[in-house]
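Structure first, commentary second.
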Amino acid sequence: MAMVLRLSAALLLGLLLAGCSKLFFYPMSPWVQNPENQGLQYEDIVLIHPRGMRIHGWWLPAADDAPARGTVYFLHGNAQNISTHLANVQWLPARGYNVFLLDYRGYGLSEGKPRLPDVFDDVQLGLDWLRHAQRTDGAPLVVFGQSLGASMAASVLGEEGNAGAADCVILEAAFASYRDITSDVMKRSWLLWPLRWMVVPTMPDRALDPEERVADIAPTPLLVMHSEDDPVIPYAHGERLYAAAAQPKTFQKLRGGHTESTRDPAVQQRLVDFMQDNDCAAEVTKAEEVPESSGEGEEPPALPVPAPISTPDSGYRF
């Protein structure tokens, strides 16, 4: 029995050291839905890495009756794929924003295997495409990341070559450090807790941490949001990230579960207000204004929100 335990521990340790990035990535290939099921127009976008790897995403144009005010580049969390994260941004086209959702390598139809920091290249690829795509028509570009997507957005946007790449940045439920969140996750398991000292140092260098890069996003307006109730990424990470950021910056305290905020109309309006107040909404003439309601004073019907898909017990969804 003792031999079996020792062999099991050795195997577990080997897997952790060989594939430590697996603590961050829980991709899913099949789609559970597509935007058309939610009443949205969409286009499949395939971006090609210099080495030929294909990265897939969805382009959601602003609704036909809504003049495009800007484009939102959405970077999702670490589990599943864009089909399950669509609910977090499917309301934006009706508010006048194009949306580009990217699946990182290994997720959905994107090729390759996700590893840190290689996935930063996927985030950069999508950013470069949007900066040069004629379909954005020079309208403001907003980067909106949630959880792992928010943390990677901070790391990538903080690079010197990306100064001014976005007009506004929104980070929700981000963690401040790759090594610290790894330690936090491993502390939750009696089996993984003793191995932290070996695994944590294999995470990306602290120079790549969101809290080390976020200040370089300035002078781009930044909104940091985090729920006090977040059971996955401690609220303290949001506070740390905000403290490390430079002005202009805004902090929005949230309530509720992890990355569930944008399904609340009040939070949706908060994001729209932030973009408008920080010149990330192209002006439209009165003749082009979209009515705030349809029919006899009634608001447009809400789009259906798919039920969340559970993450395997062995996975940590962020």
* Asked: Do Arg206 and Asp209 meet the salt-bridge criterion of a basic N to acidic O distance under 4.0 Å?
  -> yes
* **Verdict with reasoning, His226 to Tyr242, per ring-ring contact (aromatic ring centres under 6.0 Å, His included)** => CA-CA 10 Å; His226 212 111; Tyr242 179 73; over 10 Å; no
* Structure fact -> Which of Tyr42, Trp58, Trp129 passes ring-ring contact (aromatic ring centres under 6.0 Å, His included) with Phe100? Answer is Trp129
* Quick one: do Arg240 and Asp180 make a salt bridge, cutoff under 4.0 Å? -> yes
* **From CA spacing to verdict: side-chain contact (heavy atoms from CB on, under 4.5 Å), Tyr97, Thr71** => CA-CA 5 Å; Tyr97 284 88; Thr71 297; over 6 Å; no
* Do you see a donor-acceptor pair shorter than 3.5 Å between the side chains of Glu260 and Asn88? -> no
* **Salt-bridge criterion met for Glu228 and Lys253 (N-O under 4.0 Å)** => yes
* Asked: Hey, what's the ring geometry for Tyr235 with Phe251, parallel, tilted or perpendicular (30° and 60° as the breaks)?
  -> perpendicular
* To do: Please report the closest heavy-atom contact between Ala165 and Leu127, naming both atoms and the distance.
  => CB-CD2, 4.0 Å
* Verdict with reasoning, Asp103 to His76, per side chain to side chain donor-acceptor pair (under 3.5 Å) -> CA-CA 8 Å; Asp103 257 339; His76 63 71; 2.8 Å; yes
* To do: Apply the side-chain contact (heavy atoms from CB on, under 4.5 Å) test between Leu223 and each candidate in Leu271, Val142, Leu171; give the one that qualifies.
  => Leu271
* Asked: Are Arg95 and Gln269 linked by a side-chain donor-acceptor pair shorter than 3.5 Å?
  -> yes
* **Heavy-atom side-chain contact between Thr220 and Asp167 under 4.5 Å** => no
* Asked: Which of parallel (below 30°), tilted (30 to 60°) and perpendicular (above 60°) describes Phe175 and His237?
  -> perpendicular
* Are side-chain heavy atoms of Gln38 and Leu60 found at a separation under 4.5 Å? -> no
* Structure fact -> d(Glu160 CD, Asp216 CG) to nearest 0.5 Å is 8.5 Å
* Asked: Do you see a donor-acceptor pair shorter than 3.5 Å between the side chains of Glu172 and Ser261?
  -> yes
* Asked: With a 4.5 Å heavy-atom cut-off, do Thr182 and Arg179 have their side chains touching?
  -> no
* Can you tell me if Asp264 and Gln268 form a side-chain donor-acceptor pair at under 3.5 Å? -> no
* **Short N-O contact, Arg135 and Glu43, less than 4.0 angstrom** => yes
* Between Asn98 and Trp59, does any side-chain donor sit less than 3.5 Å from a side-chain acceptor? -> no
* State, yes or no, whether a side-chain contact exists between Thr262 and Gln146 at a heavy-atom distance under 4.5 Å. => yes
* To do: Flag the pair His56 / Tyr107 as yes when their ring centroid distance falls below 6.0 Å, and as no otherwise.
  => no
* **More than 12 heavy atoms from other groups under 6.0 Å of CD on Glu36** => no
* Test item: Gln252 and Arg270 side chains (from C-beta on) under 4.5 Å apart, heavy atoms -> yes
* To do: Quickly, which of Leu75, Asn78, Leu116, Leu208 forms a side-chain contact (heavy atoms from CB on, under 4.5 Å) with Met152? Name it, please.
  => Leu116
